[in-house]
Participant: 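Before I ask anything, let me first share the structure, which is written out below as structure tokens.
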Amino acid sequence: MNYKLHQLDTFLNITPTEAKKSRSTGRQPKGDVVEEANQSVFAVFLRDAGVTLKQGGTSNEIAVDQIVFQKRIQQQLQKSPRYPGIIQEFISGLESHIEDPERFRNCLLPCVPQLSDGDASSFHESLLRMLLAIEMLQTYIINTLLEKLPEFMLDGTGDGGLSIPRIIINQLKWLDRVVDSKELAVKLMELVSVAPVEVQRDIITSLPEILEDSQHNDIARQLNSLLQENTQLTVPILDALSSLNLSSSLLTEVREAVMSTLTAVQLEDLPVVVKFILHSVSASDAYEVVCNLRKKLELEQCVLPPVLQASQNRMKTAGSSQDSVTLTLDGIKSAVRFQKTISEAWLKVGINKKIKKNSYLLALFILHSTNANQSRRGAERVLKLKVRTGLIQEALLQRTFRDYSQVMRGYFPSILALAQSLLRSTDPCVVPFGGHMYRHSFTAFDSYCQQEVVGSLVTHVCSGVNGEVDVALELLCGLVTEKPSEMSLYAVFVKGILDYMDNLAPQQIRRLFHLLSRLAFGQQQQGAHIQDDMHIVIRKQLSSTVPKYKRIGIIGAVMIVGSMGSQNGSLPQETFRQVIALLELVKSSSESTPDAAALYYDELANLILTSTLDPQVQEHIGKSVLDDFQDDFVVDLGPEITGSFPFPARVMYNLDEEESQGGIAINLLPLLAQEMLNKAEQRVSPLCLSPFFRLLRLCEEKQHQGNLEEIDALLGCPLILTDMDIVEKVESLSKVEREYLCTLLFHTINWFREVINAFCSQKETEMKMKVMTRLQNVTYLQTLLEKSLAGSPGYVPPVANFDGESTDGAVIGSITAVNKTKKGKKRKAPGKSSSESSSQLDETTDAVETQQSEKEKEKEVRQGVNLGAYRQFFRELDMEVLSVLQCGLLSRTQLDSELHTEVREEVLLGPAELVFLLEDMLRKLEFSLTASPAKRAPFLKVQKKTFYRSVGFSHLQQRSSKDIASCCVQLLPALCSHLENCHNYFQTLLSENNGVVDGPATDVHEHQLMSSAYQLLVQVLNTTFSWSGFSQPGQRSLLKKALGVLAGRLKEGGAELTLEQLIKHSFEYLVNFRSTMPSLSTALCLSQLLATVSEKGGNSAAYREQTASLAKGFLSQSWVTASGEKERGNKFNEALHALLSIYLELVDDVLKAVEEIAGEGIPELLNASKDESSASWPTLSRQTILVFYKVLMAKLEKAVKKIPAGKISDNTEAQSEKLLTWNLAVRDFHILVNLVKVHLSYGRLFLESFLKLGMPLLDYSFKRHKMDVQSLLKTFQLSTRQLHHMCGHSKIHQDTSLTNHVPALKKSLELFVYRVKAMLILNNCQEAFWIGNLKNRNLKGEEILSQRSQASDEEEEEEERSMQPQGQSEDEESKEITGRKEDMDQDDITDDSE
């Protein structure tokens, strides 16, 4: 620098001191400027070339085109006699000229054309930029500029917003050629090391435009190092790196370095970092990069907690952080949209890992928001998978909505679409998550989104799909509770559902009116604008003569009463008046129709049970109900009952004998008789008896805090009925009398059921005894009802559940269906020309028919019908009734060994009552805890199906499945006690009868009851433990509690045990019951229960082995009824099918198990006499052979699919092992195919699996294992030929059930032939293969003569090996094959079954 300064000073003839002074003061040296320019080579050359230098604020002028200017300067320099020294003089003149800041600024700014040329519009570069394009000057000028740059580093932005350092850097951009790019790169990086941050940023971001491609890799390494040292430069460095042309290895290195700094990067820089990482990804690296990005992207730390956000006076920080997150996600969205590999990587990443970070959930929303269908479907599929497996939970969703509401708002369309999809899913595990998305969207977003959420939920309600309707209504109710003021804005949307009430079930209508009445008549009454509409709708429905609409009106009116009458604080007098008026309106509208009145009582009872009404309203209802009930149904007992009745009246079932004189009774028989005589004038119907009593009981409970002293006389009071001996003479009665008797029995049973509902929770022993007696009355009356119904075909009982459609048609249909099933189906007889296997089928058919006729005889003996078809005509028992199960078990054995009075001091259940309660409990659990498949059938079918399934469960539907499960867990100790009592009963029975079930001391009726109770207990336990809710994290403690009860029966201290230990002890406890299983059905239930319990833990392998062993033991056991006959029939076959399936699913080696049955059991059966069974498998008989065959074939086909396909890389040992497995499978298949010759579907499936998985193995194993392959194919060929004969058999007999499978099977047989040929060609043995004609034969092997003329059209191709002369050494393998396998006549095939 000093040298150059000295040169310049000498050239200008001024002293160094003056030069320094001029630089430091920023002023020009004394003397005329024009004179200096005249003396300067620089100025002279510029003037001659066409540029006029100006001073002050005036830009330099150019008179010629810039290309001409550059050419002239270059020529002047080259032609100068002082060349090349003149270049230095020129540069010195330039340096001297730009000493003045103003002149330097002029040189950096664009030149302006001289106006005299008339071309003022053309653009020209700056003077320095034009000089930089001259290669001989470029290096000197670059050095000069870079030396000048430090002088302005700290000046900041000057007048006019110009930054001199930035303008200097801009001069170096986009040069046509850089003479010394490497040197320039070094100098620029040196400047970066000493420059302030702003200048550093300018230099770094300009590097891609300054340097040539050859320098990109070197500069990238330096920038990478700088990035590790200085995070302030992250954004400019990444900008520069994005624009550099880098090698893939270096790009990967840089990306990894950037990834390592991700956790330390500043929030505002995060979008740039993420964008660089994703946009620099190759297809092969995409998955790994996205994995690392997901691990290190901590968006949770980017947003302040809500408490801190709220405490800040200004939300600028929180807002900017959300903006940064939004930009980051936009970067991800851009990458996902334009790079398919990144989209796929995001879908794959963490597929089996629990998601704890918001970033992944946001990424799924991003994937769904892109326009690509694949991404949308993929995001939806992954979200469902992760929700189903519990990898994404509601807490994460809540946190994401809370912390990123502004960000999530941008993805609202995707959130709404995903929520809709989840809510419509048939998988019950993902539906709640869709509901959470709706709820959080409504809570977190603005009014537009809230409107869309409500609109979408209303659409779900109107869809008619049952599951959707329930969840959507539940969500709307929840939103009204959480956000009443916001929801009131959209009350009109919700009111629109009233137009679609025809599509809703009663429970859904109830919920809808609850929702609307809360909106219209809630405490704040924000939705008061729809009150008038609600009243209009209710009055219109109540005045309707159509029962369906009247029901809707009653339900809606009672819901409105609940909302209006449950105000906190004192109820305004006007509101109280409106409530009473509405109640009177409903009462007057319904009293003329017994069904409507009964529904009104039931709805009001439910309201009182579930709501807290104002004391005035409660008192008014209670008083009127008590008075009306006494007037309508209760009479005082007199010495005699007057009146004309179809049967003699008699007071029955009085539990208060000492109060018989002057007591009360339920006036049932006279009311029923009066109803039959004059239906039109009847004011009080016996139909209302049970519903009215339920309402009375609940009013009393509510008013007296559960004390029923006021009405306890109704528990023991008698009913005016008739002598029940008349049931024995039911055949001699007229049709009207029979139906009258049946109706009387139905009303009596329903009265007792409601009485049990009312008093089952009372604690006094006397009350418990009376409840138990009423239970006995119910079970006894049900046996009488069965006999009465058997003699009254076509009878339709009185309705007992009033909130559904009329069920007359349904019942007649169901009763008809039951009767049809009793008669049995006629099996199509097999063809006459069948082999021994066909005769086995005949035997099976005969056996089934015999067994059905035996069942019919048994039914005739019982003279009854199955009351299951009439379940909807009985009043629903409350869950509280099941508490009666906590009483001990009373059996006849106890009565014999102890005094009757002593036993009766303790309240004990009889076997019949136990069975009654367990049947009801099992129905309740199957309804509440078993997820029903949500199939999208046509709407009406869904509604009818749903109604018939849910009828009789109205009260149960109002409780959550968690409540039901909790009740079951509380009852588990009692259930275990009953289970142990049943076990002890059968153990005692076996010991008394010396191990024989059907001993002389066996009471057949009690044995049947105890056997039913045993099976029901195991089924109840299995249904309880099968509840899907146990898999949810919040229910883990309830599961442990349930398992603790079972484990505690063996070992004390269950509370301290881990889940694994609890499962182990529970399993051991349940296995102990295996020795006393009374029937195969119970044994099946126990096996299912063990499988269910073992699945709750992690290590289930040991449990699988034990359960398989247990199932095998049950299959190897002979099952005999109490009467001494072998178990048989459809139910037995169904249980056997399920048990055999469980055994083959759980056993370690399926093929070995199949061979054991097929190789040992079946030959034993074939050699046994007609009525005998297999010795090693007693359940395998001629009646059950088809059951075994179907299960064995299905499991065999499933097992071979799991055999790994052969690979060319397999070693000899692996090939031998797989060949051995296939040999075993083919041998089993051959035995089964020859056993039952009329099932083609299993044969085709097995053949397809062999072609897909077995033939590749033979391809690669042929040379090493010739004998094994030959043996396998020979055995398999026998089976395929048998399949071919079956095809011919089906054509002869024109059996459509078989011929439907023929085309696909023949195609597979043909494929098999050519596949074997391909294998031989692959192994150079094609000469060992030739094709012949296979004649059509029947199952006996006889040629089908009628098709001889068409043999050419229907011939089938089959593979054969023939003796061929082999002359070449490479075909030695084929010699060995043909040498060992002689040429067989295709017609000479023996039947192995004979």
Side-chain angles (χ1 to χ4, degrees), residues 821-822 824-825 844-845 847-852 854-855 858 866 868 915 918-919 922-923 925-926 930 979 982-983 986 997-998 1007-1023 1025-1026 1070-1071 1073-1093 1107-1147 1153 1157 1161 1165 1173-1174 1176-1195:
T821 54
K822 286 182 192 172
K825 291 184 180 178
T844 305
T845 309
V848 172
E849 288 173 354
T850 304
Q851 182 253 331
Q852 286 175 346
E854 286 171 359
K855 286 182 77 178
E858 186 184 338
N866 180 15
V915 170
L918 288 173
E919 283 176 344
L922 182 60
R923 279 196 296 268
L925 298 189
E926 286 178 342
T930 307
L979 198 63
C982 291
H983 172 73
F986 286 106
V997 176
D998 55 327
H1007 184 282
Q1008 286 176 346
L1009 285 174
M1010 295 299 284
S1011 178
S1012 298
Y1014 208 163
Q1015 181 171 338
L1016 286 166
L1017 283 162
V1018 180
Q1019 283 179 295
V1020 164
L1021 289 177
N1022 186 38
T1023 309
F1025 282 102
S1026 299
L1070 293 170
V1071 165
F1073 294 101
R1074 67 186 182 278
S1075 59
T1076 56
M1077 290 289 105
S1079 66
L1080 184 71
S1081 300
T1082 314
L1084 167 65
C1085 294
L1086 181 64
S1087 303
Q1088 290 171 331
L1089 174 58
L1090 289 169
T1092 302
V1093 170
T1107 310
S1109 173
L1110 187 73
K1112 183 180 179 182
F1114 291 145
L1115 292 168
S1116 306
Q1117 183 176 336
S1118 182
W1119 297 96
V1120 182
T1121 63
S1123 57
E1125 298 176 354
K1126 279 190 175 183
E1127 274 196 61
R1128 57 178 62 184
N1130 290 337
K1131 287 187 177 179
F1132 178 78
N1133 288 349
E1134 288 171 8
L1136 180 62
H1137 187 286
L1139 188 62
L1140 185 57
S1141 299
I1142 289 175
Y1143 167 60
L1144 293 176
E1145 279 172 12
L1146 297 179
V1147 75
I1157 298 172
L1165 174 65
S1173 304
S1174 162
S1176 54
W1177 298 87
T1179 48
L1180 176 58
S1181 64
R1182 280 174 169 75
Q1183 289 76 33
T1184 61
I1185 185 70
L1186 279 180
V1187 176
F1188 270 81
Y1189 170 78
K1190 287 179 181 178
V1191 177
L1192 291 176
M1193 283 296 274
K1195 297 301 175 186

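No experiment lies behind these values; they were computed from the predicted model shown.
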Participant: Just jot down the side-chain hydrogen bond (donor to acceptor under 3.5 Å, both in side chains) partners of Ser1181, sequence neighbours excluded, or say none.
Facilitator: Gln1183, Thr1184
Participant: With side-chain contact (heavy atoms from CB on, under 4.5 Å) as the test, would you mind laying out the steps for Met1077 and Phe986 before giving the verdict?
Facilitator: CA-CA 8 Å; Met1077 290 289 105; Phe986 286 106; over 6 Å; no
Participant: Ile1185 and Arg1182: which non-hydrogen atoms are nearest, and at how many Å?
Facilitator: CG2-O, 3.4 Å
Participant: Name the orientation class of the two ring planes belonging to Trp1177 and Tyr1143 (parallel below 30°, tilted from 30 to 60°, perpendicular beyond 60°).
Facilitator: tilted
Participant: In Å and rounded to the nearest 0.5 Å, what is the CG to CG distance from Leu1070 to Leu979?
Facilitator: 7.5 Å
Participant: Ile1142 and Gln1088: which non-hydrogen atoms are nearest, and at how many Å?
Facilitator: CD1-CG, 3.6 Å
Participant: Please name the pair of heavy atoms, one in Leu1080 and one in Phe1132, separated by the smallest distance, quoted to 0.1 Å.
Facilitator: CD2-CE1, 3.4 Å
Participant: Return the set of residues passing ring-ring contact (aromatic ring centres under 6.0 Å, His included) with Phe1025 (not counting sequence neighbours), or none when no residue passes.
Facilitator: none
Participant: Can you list the residues that meet the side-chain hydrogen bond (donor to acceptor under 3.5 Å, both in side chains) rule with His983, with sequence neighbours excluded?
Facilitator: Thr1076
Participant: If you measure from OG1 on Thr1121 to CZ on Arg1128, what distance do you get to the nearest 0.5 Å?
Facilitator: 10.0 Å
Participant: Rounded to the nearest 0.5 Å, what separation is found between the NZ atom of Lys1190 and the CG atom of Asn1133?
Facilitator: 9.5 Å
Participant: Roughly how far apart are Leu1090 CG and Cys1085 SG, rounded to 0.5 Å?
Facilitator: 11.5 Å
Participant: Give, for atom CG of Leu1021 and atom CG of Leu1016, the distance between the pair rounded to the nearest 0.5 Å.
Facilitator: 11.0 Å
Participant: Tell me, with the steps shown, if Phe1073 and Val1018 meet side-chain contact (heavy atoms from CB on, under 4.5 Å).
Facilitator: CA-CA 10 Å; Phe1073 294 101; Val1018 180; over 6 Å; no
Participant: About how many Å separate CG of Leu918 and CG of Leu1017, when rounded to the nearest 0.5 Å?
Facilitator: 4.5 Å
Participant: Does any non-hydrogen side-chain atom of Leu1115 lie less than 4.5 Å from one of Ile1157?
Facilitator: no
Participant: Can you name the salt bridge (Lys or Arg N to Asp or Glu O under 4.0 Å) partners of Glu1134, sequence neighbours left out?
Facilitator: none
Participant: Closest approach of Val1147 and Ala1153, non-hydrogen atoms and distance?
Facilitator: CG1-CB, 4.0 Å
Participant: According to side chain to side chain contact (heavy atoms under 4.5 Å, CB included), who are the partners of Ser1079, at least two apart in sequence or on a separate chain?
Facilitator: Ser1011, Gln1015, Ser1081, Thr1082, Glu1127
Participant: Ser1026 and Asn1022: which non-hydrogen atoms are nearest, and at how many Å?
Facilitator: OG-O, 2.6 Å
Participant: Could you check Thr1179 against Leu1140 for side-chain contact (heavy atoms from CB on, under 4.5 Å), going step by step and ending with a plain yes or no?
Facilitator: CA-CA 10 Å; Thr1179 48; Leu1140 185 57; over 6 Å; no
Participant: How far apart are the closest heavy atoms of Pro1078 and Tyr1014, and which atoms are they?
Facilitator: CD-CD1, 3.6 Å
Participant: For Ser1176, check side-chain hydrogen bond (donor to acceptor under 3.5 Å, both in side chains) against everything at least two apart and list the hits.
Facilitator: Glu1164
Participant: Look at the side chain of Trp1119 and the backbone N and O of Pro1178, then say whether any donor-acceptor pair between them is shorter than 3.5 Å.
Facilitator: no
Participant: Can you tell me which residue among Leu1136, Leu1146, Leu1084, Val1191 is in a side-chain contact (heavy atoms from CB on, under 4.5 Å) with Ser1141?
Facilitator: Val1191
